[in-house]
Amino acid sequence: MKSEKKEEKDWSAVEVMQEVNEKLSSYVDALEQRNRELERLRGLATLLQSCLTVEEAHAVIARTVRKLFFAESGAVYLFGSPPQALVPVAAWGDYVPAGNFLPWPAGWALVQERSYSGDGRYFPVLCSDGKQSGQDICFCAPMVSQRETLGLLYVRLNGNLPKQNGADRRRVIQYKRQLTVTTAETIALFLASIKLRENLYHQSIHDPLTGLLNRRPMYEFLEKELLRTTRKKQPLGVIMIDIDHFKTVNDTYGHGAGDAVLREFGLFTQKHIRGGDFACRYGGEEFLLVLTEASLENVKQRAEQFRKEARLLGVRYRGRLLDPITLSLGVAVHPEHGQTAQELLLAADAALYQAKADGRDRIATVRQHTIAEHARQL
């Protein structure tokens with residue numbers, strides 16, 4: 001009798017130890033899984049930090065987030081162009097994005113700029129009581145940085161929840177919810193940083209008034225094109241443009257009218273240059289065109305076309321039609337008028353001075369001795 005009771009106690013102790021070992025093993029597996037997920041999250045941050053453009057970031061997000069939530073289904077939505085349009089840049093598991101339709105409750109998450117769970121409650125409120133199936137549990141975490149909503153991370157559990165008790169299920173759900181929110185915050189932080197860098201770079205190379213590029217990228221473009229055209233033995237044309245009597249416009253109608261003229265001429269220039277050519281605001285009321293693979297005759301024809309069509313621009317300021325725009329244009333071509341970027345620009349500038357000296361509203365080219373004399377005057 002005593003022997004039987006002892007055997008029952010020993011067997012009971014073995015069962016308890018087995019249960020404890022199973023729980024410990026389960027906890028160890030869960031910790032290892034979470035460590036792997038946190039390591040992937042750090043890897044996502046490292047990769048996003050190295051991205052130079054939003055397009056590179058999109059590729060990193062699409063490749064990395066699916067690995068982070070490999071046991072779940074979901075998608076990453078980011079605002080594209082126009083900003084009102086949410087575009088899925090990644091989807092994994094058995095979730096398939098349906099065009100422009102977002103999963104519920106994604107709409108509330110975006111409107112409120114707060115994370116939502118599948119039962120409609122805000123985070124950090126626990127989104128499940130543990131009785132739901134994993135398939136019914138989803139998280140929608142908006143990506144918000146500096147009060148700008150950049151996108152949405154949608155994660156749906158695929159029934160991969162502990163089956164023992166409600167407490168374990170709730171812990172897993174709470175952890176997955178926090179991982180979703182942290183991932184969305186990480187993506188938003190780095191996307192905002194990349195967009196800020198892109199905006200600052202765009203502002204540094206563009207003239208804000210005309211929308212044209214400025215001198216900074218022009219020199220780089222001209223140097224590269226000169227190397228290319230020299231190698232291929234092709235011509236390269238430069239047109240230096242000055243808006244005639246621009247100071248008179250400012251003095252007569254005010255600087256607002258002068259800005260209106262520059263703005264309209266900037267739009268006109270953007271519409272009338274070929275793909276592969278370059279246009280920039282050189283400074284003040286001066287503009288520069290670089291025409292690739294264009295002979296001297298071709299450049300003169302393009303310059304004459306610019307001069308004639310610019311006169312047809314009807315610029316209005318405060319309801320009043322301003323005087324027609326006339327242009328003075330200086331033309332130079334590589335290699336006839338210069339071998340280097342500096343020589344070519346100097347030749348075009350000398351030609352522009354010649355056009356203005358001859359009475360404006362005309363095109364001019366100059367010879368080498370005139371270029372040398374102009375260089376000495378500068």
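Ring to ring, Tyr317 and Tyr253 are not that close: their centroids are 6.0 angstrom or more apart.
Lys247 pairs with exactly one of Asn250, Asp244, Asp251 by the side chain to side chain donor-acceptor pair (under 3.5 Å) rule, that one being Asp251. Between Asp358 and the options Gln354, Lys356, Arg362, a side chain to side chain donor-acceptor pair (under 3.5 Å) holds for only Gln354.
A distance of 10.5 Å separates CG in Leu352 from CG in Leu288, rounded to the nearest 0.5 Å.
Under a 3.5 Å cut-off, the side chain of Arg66 and the backbone N or O of Ala62 do form a donor-acceptor pair. One N or O on the side chain of Trp92 and one on the backbone of Glu72 form a donor-acceptor pair closer than 3.5 Å. Panel note: side chain His337, backbone Val333; a donor-acceptor pair is recorded below 3.5 Å.
Ring geometry for Tyr95 versus Tyr77: interplanar angle over 60°, hence perpendicular rather than tilted (30 to 60°).
Residues His245 and Val249 have side chains not in contact (no heavy-atom distance under 4.5 Å, counting atoms from C-beta outward).
For the residue pair Ser328 / Asp242, no side-chain donor-acceptor distance below 3.5 Å is found, with atom types taken as modelled. Remark: the Thr326 side chain and the Arg360 side chain contain no N/O donor-acceptor pair separated by less than 3.5 Å.
Within a 6.0 Å radius of OH in Tyr219, other residues, nucleotides and ligands contribute more than 12 heavy atoms.
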Exercise for the section: Using the side chain to side chain contact (heavy atoms under 4.5 Å, CB included) rule, take Thr292 and Arg228 through it: C-alpha gap first, then chi angles, then the decisive distance, then the call. Expected result: CA-CA 10 Å; Thr292 58; Arg228 188 182 67 84; 3.9 Å; yes

